[in-house]
Peer 1: 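Provided herewith is a single structure, encoded as structure tokens, for subsequent inquiry.
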Amino acid sequence: MQSMQRAVINTPNGFASCASEPILLELSEVIAQHLRPNLQRIDAEGVYPKEFMHLVGTLGGFRQGCPTTLGGAGKGIKFTMQVMEEIAKECVSTAFIVWCQTVCSWYIQNSENDHLKQHVLPKIITGQALAGTGLSNPMKHFSGIENIHITATPYADGFILNGTVPWVSNVDTDHYFAVGAKIVETNDYLMAIVLGGSQGLSLGSGGHFIALEGSSTRSCILRNVFVDKDSILSSPCENFVQRIKPGFILSQTGFGLGLVSSCVELIKRSNKSKRHVNRFLDDQAEDIEADLYAAHHKIYALADEIDCGERDARPDLLKEVIQARLLTSQLVLRASQSAMLHAGASGYRLHSAVEKKLREAYFVAIVTPALKHLKKMLSDMQESPAV
Ligand SMILES: Cc1cc2nc3c(=O)[nH]c(=O)nc-3n(C[C@H](O)[C@H](O)[C@H](O)COP(=O)(O)OP(=O)(O)OC[C@H]3O[C@@H](n4cnc5c(N)ncnc54)[C@H](O)[C@@H]3O)c2cc1C
């Protein structure tokens, strides 16, 4: 009962109807029982919360943004983001792998590949199969930041893939994940879904991180990995990228906003004993909270517009999505810094709640599209509105 109330209380003003959604109330129980007791193990020992992921899938957490015609709940990505928000209040690492799972489903539902829609999508949206996304590299490539890392050579009724992507989260041998590749001797690209255990694919260690250790982030080395036409999301993929981009970018704000909410709670907690001195700090709980409400208002409106991705986006939607994602990164950095400054020395202890928030906040700001990438996109749009 206590955790049910929590889901309602932590939801910003004006969004109470969303908080009373049965799925968020159930999720709150599952978080309390199966995630909260393992936070330290996930963060410090890098334990991957596999059982929790399957539970989130069972209660419908991955099917909210998928149309009913494809077996989803058809509620739109706002609800996917709210699932992430609830989880991110406790653990951004776990909320991020929920994003990985749902964005992989986003690619498939927005593709024209009936095989993936019929045979792979149902497993991902129910959590029966887990899934990731290795599209940071193509996203950065299309923004002129780095070279494409994977090549595709036409072979039989498919392609042979070669290359390396250094970090793909929520990946294992029995997980699916999305990759992007340049087709050799052409100016075209493809995007495809591969299985982590495919022949020729090696999953290495992604190294150790200051947070996100429990995200099963692996390096993926592809040596002559064959993908047949049934696994191709799109080729060529220019239009496909434009279609998935707004949902890809906006849905990431889910794990950012959840983190901000939890920082506000921590600031208020610190103020119970230290308000007399904390009141001199620049970013007060009320300031962050007001900005969080405004961000929610803007972001949920954009999410409602994107819905399940079935409609064509209006021309300036992407720009507003990029601005909203940038705003989220900036707010996360402010909120986590303020939580540390409010907590003082008690927050500076190893494994304190606020030091975890600081480490998680930097991830929100560096994962693709990173804060600098978002600023580059906005600058490019300024120079050439068609970008
Ligand atoms: C914990 C964690 C989990 C992640 N999970 C995923 C995931 O699930 N999926 C995914 O796709 N990605 C994932 N990533 C990758 C992430 O999204 C970013 O793409 C990654 O952090 C690299 O971005 P960056 O901003 O550091 O690169 P940038 O700093 O923007 O660097 C861009 C490129 O410039 C190159 N470069 C360096 N010096 C020069 C130079 N002098 N001239 C030209 N180029 C140069 C670099 O090699 C790099 O490729 C993850 C990263 C982390 C840390």
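One-based numbering, in listed order, for ligands and for the atoms of each.
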Peer 1: What are the atoms of ligand 1, with element, lying closer than 4.0 Å to any heavy atom of V367?
Peer 2: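 That gives atoms 17 (O) of ligand 1.
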
Peer 1: How far is atom 44 (N) of ligand 1 from the closest protein heavy atom, and which atom is that?
Peer 2: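 Result: I145 O, 4.8 Å.
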
Peer 1: For atom 3 (C) of ligand 1, what is the nearest protein heavy atom, given as residue, atom name and distance?
Peer 2: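 Closest protein heavy atom to atom 3 (C) of ligand 1: S169 OG, 3.3 Å.
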
Peer 1: Suppose we measure from atom 1 (C) of ligand 1 to each protein heavy atom; which comes out shortest, and what is that distance?
Peer 2: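 The closest heavy atom on the protein side is F363 CE1, 3.6 Å.
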
Peer 1: Mark whether atom 36 (N) of ligand 1 lies under 4.0 angstrom from at least one protein heavy atom.
Peer 2: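 No, there is no protein heavy atom closer to it than 4.0 Å.
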
Peer 1: When you check the side-chain N and O atoms of R325 and Q252, is any donor under 3.5 Å from an acceptor?
Peer 2: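 The criterion, which ignores hydrogens and geometry beyond distance, is satisfied for Q252 and R325.
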
Peer 1: Heavy atoms only, cut-off 4.0 Å: how does H373 contact ligand 1, side chain, backbone, both, or neither?
Peer 2: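 Neither part.
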
Peer 1: Is it true that T94 and E90 share a donor-acceptor pair across their side chains at a distance under 3.5 Å?
Peer 2: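 Distance-only check fails for E90 and T94.
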
Peer 1: Near T368, which atoms of ligand 1 are under 4.0 Å from a heavy atom of that residue?
Peer 2: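 By the 4.0 Å cutoff, the relevant atoms are 16 (C), 17 (O), 18 (C), 19 (O).
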
Peer 1: Take atom 8 (O) of ligand 1 and look for protein heavy atoms under 4.0 Å from it; say yes if you find one, no if not.
Peer 2: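 Protein heavy atom within 4.0 Å of atom 8 (O) of ligand 1: present.
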
Peer 1: Between E238 and R243, is there a side-chain N and carboxylate O pair less than 4.0 Å apart?
Peer 2: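 No, no charged N to carboxylate O under 4.0 Å.
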
Peer 1: Check this for me, if you would: do R314 and E305 make a salt bridge, where the nitrogen-to-carboxylate-oxygen distance has to be below 4.0 angstrom?
Peer 2: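 Salt bridge flag = yes for E305 with R314.
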
Peer 1: Counting only heavy atoms, which portion of V171 has something under 4.0 Å from ligand 1: side chain, backbone, both, or neither?
Peer 2: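 For V171, no heavy atom sits under 4.0 Å from ligand 1.
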
Peer 1: Tell me which part of N170 gets within contact of ligand 1: side chain, backbone, both or neither, using heavy atoms under 4.0 Å.
Peer 2: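 None of N170 does.
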
Peer 1: Do me a favour and list the nearest non-hydrogen protein atom to atom 6 (C) of ligand 1 with residue, atom name and distance?
Peer 2: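 Nearest neighbour among protein heavy atoms for atom 6 (C) of ligand 1, to 0.1 Å: W167 O, 3.2 Å.
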
Peer 1: Is a donor from one side chain sitting under 3.5 angstrom from an acceptor on the other, for T328 and T253?
Peer 2: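 Looking only at side-chain atoms, T253 and T328 do not form any donor-acceptor pair under 3.5 Å.
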
Peer 1: Do S251 and W106 have side-chain atoms, one donor and one acceptor, less than 3.5 Å apart?
Peer 2: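 No, no side-chain donor-acceptor pair sits under 3.5 Å.
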
Peer 1: Looking only at heavy atoms of F177, does any of them come nearer than 4.0 Å to an atom of ligand 1?
Peer 2: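 No, F177 has no heavy atoms under 4.0 Å from ligand 1.
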
Peer 1: Closer than 4.0 angstrom, basic N to acidic O: yes or no for R359 and E355?
Peer 2: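 A salt bridge is present here (some side-chain N lies under 4.0 Å from a carboxylate O).
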
Peer 1: Counting both backbone and side chain atoms, is some N or O of S136 under 3.5 Å from an N or O of ligand 1?
Peer 2: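 Yes, there is a polar N/O contact under 3.5 Å.
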
Peer 1: Going by atom types alone, do N224 and N162 pair a side-chain donor with an acceptor below 3.5 Å?
Peer 2: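 Yes, a side-chain donor-acceptor pair sits under 3.5 Å.
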
Peer 1: What atoms of ligand 1 come closer than 4.0 angstrom to any heavy atom of T133?
Peer 2: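 That gives atoms 7 (C), 8 (O), 9 (N), 10 (C), 11 (O) of ligand 1.
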
Peer 1: Answer yes or no: is there a side-chain heavy-atom contact under 4.5 Å between M84 and F96?
Peer 2: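 No, every pair of side-chain atoms sits at 4.5 Å or beyond.
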
Peer 1: What residue and heavy atom of the protein are closest to atom 47 (O) of ligand 1, and at what distance?
Peer 2: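 For this ligand atom, the closest protein heavy atom is E146 OE1, 4.8 Å.
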
Peer 1: Give me the residue, atom name and distance of the protein heavy atom closest to atom 23 (O) of ligand 1.
Peer 2: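 I find the closest protein heavy atom is K140 NZ, 2.8 Å.
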
Peer 1: So, K356 and E360, do they make that salt bridge, N to O below 4.0 Å?
Peer 2: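 Yes, charged N to carboxylate O under 4.0 Å.
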
Peer 1: For N147, does its backbone N or O pair with a side-chain atom of N137 as donor and acceptor, under 3.5 Å?
Peer 2: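 Side chain of N137 to backbone of N147, a donor-acceptor pair under 3.5 Å: yes, one is there.
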
Peer 1: How far is atom 25 (O) of ligand 1 from its nearest protein heavy atom, and which residue and atom name does that atom have?
Peer 2: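 Of the protein heavy atoms, K372 CE, 3.4 Å lies nearest.
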
Peer 1: What part of F209, side chain, backbone, both or neither, has a heavy atom within less than 4.0 angstrom of ligand 1?
Peer 2: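 It is the side chain that touches ligand 1; the backbone stays farther off.
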
Peer 1: Is atom 31 (O) of ligand 1 less than 4.0 angstrom from some protein heavy atom?
Peer 2: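 Within 4.0 Å of atom 31 (O) of ligand 1, no protein heavy atoms are found.
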
Peer 1: When you measure from the side chain of D228 to the backbone N and O of G158, does any donor-acceptor pair fall under 3.5 Å?
Peer 2: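 Answer holds: no.
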
Peer 1: Going by atom types alone, do R334 and S338 pair a side-chain donor with an acceptor below 3.5 Å?
Peer 2: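 Not at all, the side chains of R334 and S338 share no donor-acceptor pair under 3.5 Å.
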
Peer 1: Are a donor atom and an acceptor atom from the side chains of Y48 and D172 found within less than 3.5 Å of each other?
Peer 2: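 Side-chain D/A pair, Y48 to D172: absent.
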
Peer 1: Any idea which part of T217 is under 4.0 Å from ligand 1, heavy-atom wise: side chain, backbone, both or neither?
Peer 2: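 For T217, the contact with ligand 1 is made by the side chain alone.
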
Peer 1: Hey, is atom 50 (C) of ligand 1 under 4.0 Å from any protein heavy atom?
Peer 2: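 Yes, at least one protein heavy atom sits under 4.0 Å from atom 50 (C) of ligand 1.
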
Peer 1: Would you say ligand 1 has an N or O under 3.5 Å from any N or O of N137?
Peer 2: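 The answer is no, given that N137 and ligand 1 share no N or O pair closer than 3.5 Å.
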
Peer 1: I'd like to know if atom 20 (C) of ligand 1 has any protein heavy atom within a distance of less than 4.0 Å.
Peer 2: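 Within 4.0 Å of atom 20 (C) of ligand 1, protein heavy atoms are found.
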
Peer 1: Mark whether atom 17 (O) of ligand 1 lies under 4.0 angstrom from at least one protein heavy atom.
Peer 2: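 It does: a protein heavy atom is found less than 4.0 Å away from atom 17 (O) of ligand 1.
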
Peer 1: For S143 and K376, does a side-chain donor sit closer than 3.5 Å to a side-chain acceptor?
Peer 2: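 No donor-acceptor contact under 3.5 Å links the two side chains.
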
Peer 1: If you count the atoms of ligand 1 from 1 in the order shown, which ones are under 4.0 Å from a heavy atom of G134?
Peer 2: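 Here the atoms of ligand 1 in question are 11 (O).
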
